[in-house]
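Single-structure report; data block below.
The figures here come from the full heavy-atom set of this structure, side chains too, leaving out hydrogens, waters and symmetry mates.
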Amino acid sequence: MKYSAHWANMDAFALPSFYDGQIRVNLEGRESMGHIRLDQYEDFCRQLKVELQQLKDPRTGQRAIKEIIRNRRTNPTEFGCREADMTIVWDGSPLAFHHSNYGIIGPLPFRRTGEHTGDQGIAIFHGHDISPGFYGNRSAFDVVPTIIEYVEEKTIPGISGTSMLREMRHG
């Protein structure tokens, strides 16, 4: 989120994520200040993938990326605001990158443990005023605002996510 104020000036940017890399293309018609035209999208994604695959872990000299997964949906203009165009699965735990054209990039914060790959997780909330049930698939970013609201603290400016508490109290 540190660079989110600059996303409008970028052709692509990294979405906040806990484990894998999440890249979103700044696409015209989808982003408010999109740079990449829809007819350029596939070529841009191919070139970005080539650039990303050149990243090496400077500690080991080995590649930094195990796999790059493209979003399976066919129309990128219909992606939700939290959906990435590309998901990067890291090879090992790089703390920086080396690129032949851009040099050293980093250091980076160490990844969280716990195999957060995959598209499913679970959050369990319990309280006397919370109705039991399944509340749909939600972003992991919704957990913190939900807890903040539940303990009746003031909202933190700039925090990502949306509280689920209202739904959970009305089942």
Atom pair [atom1] ([X]) and [atom2] ([Y]), whose distance is rounded to the nearest 0.5 Å:
X      : Y      : atom1 : atom2 : result
Asp85  : Leu48  : CG    : CG    : 9.0 Å
Ile105 : His98  : CD1   : NE2   : 9.0 Å
Ile36  : Tyr41  : CD1   : OH    : 10.5 Å
Phe141 : Leu15  : CZ    : CG    : 8.0 Å
Glu78  : Arg73  : CD    : CZ    : 6.5 Å
Glu149 : Glu152 : CD    : CD    : 9.0 Å

Quiz item: Are Thr87 and Ile68 close enough, and set up right, to give a side-chain contact (heavy atoms from CB on, under 4.5 Å), and what steps lead you there?
Solution: CA-CA 6 Å; Thr87 299; Ile68 298 174; over 6 Å; no
Self-check item: Matching residue for Asp91 among Lys56, Lys66, Glu67, Gln62 - test: side-chain contact (heavy atoms from CB on, under 4.5 Å)
Solution: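 Of the listed residues Lys56, Lys66, Glu67, Gln62, the side-chain contact (heavy atoms from CB on, under 4.5 Å) partner of Asp91 is Lys66.
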Self-check item: Reference residue Pro76; test side-chain contact (heavy atoms from CB on, under 4.5 Å); the match among Val25, Leu38, Asn71
Solution: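 For Pro76, the side-chain contact (heavy atoms from CB on, under 4.5 Å) test succeeds with only one of Val25, Leu38, Asn71, which is Leu38.
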Exercise. Decide whether Ser17 and Gln22 meet the rule of one side-chain donor and one side-chain acceptor closer than 3.5 Å.
Key: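 On atom types as modelled, these side chains do not qualify, holding no pair under 3.5 Å.
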Heavy-atom closest pair, residues [X] and [Y]:
X      : Y      : value
Phe125 : Met164 : CE1-CE, 3.8 Å
Ser100 : Gln54  : OG-OE1, 3.4 Å
Ala14  : Trp7   : O-CZ2, 3.5 Å
Ala96  : Pro58  : O-CD, 3.2 Å
Ser139 : Arg82  : CB-NH1, 3.4 Å

Quiz prompt | Lys/Arg-Asp/Glu bridge criterion (N-O < 4.0 Å) met for Asp129, Arg169 | solution =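 Looking at Arg169 together with Asp129, the answer is yes, because their closest N to O distance falls below 4.0 Å.
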Quiz item: Salt bridge or not for Glu83 and Arg24, using N-O below 4.0 Å?
Solution: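 Salt bridge flag = no for Arg24 with Glu83.
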Quiz item: When you measure from the side chain of Gln40 to the backbone N and O of Arg37, does any donor-acceptor pair fall under 3.5 Å?
Solution: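 The answer is yes, because a donor-acceptor pair under 3.5 Å joins these two groups.
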Quiz item: Is there a donor-acceptor pair under 3.5 Å between the side chain of Asn26 and the backbone N or O of Phe13?
Solution: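 Side chain of Asn26 to backbone of Phe13: no pair is present.
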Are the side chains of [Y] and [X] in contact, using a 4.5 Å heavy-atom criterion?
X      : Y      : result
Arg46  : Lys49  : no
Asn101 : His99  : yes
Tyr102 : Glu51  : yes
Thr146 : Ser163 : yes
Trp90  : Asp57  : no
Ile88  : Asp20  : no
Glu28  : Met33  : no
Ile148 : Lys154 : no

Practice problem: Go through the steps for Glu42 and Arg70 under the test salt bridge (Lys or Arg N to Asp or Glu O under 4.0 Å), then give the verdict. | Solution: CA-CA 11 Å; Glu42 287 301 324; Arg70 291 283 306 274; 3.2 Å; yes
Self-check item: Worked check of side-chain contact (heavy atoms from CB on, under 4.5 Å) between Leu27 and Thr77
Solution: CA-CA 8 Å; Leu27 184 64; Thr77 63; 4.1 Å; yes
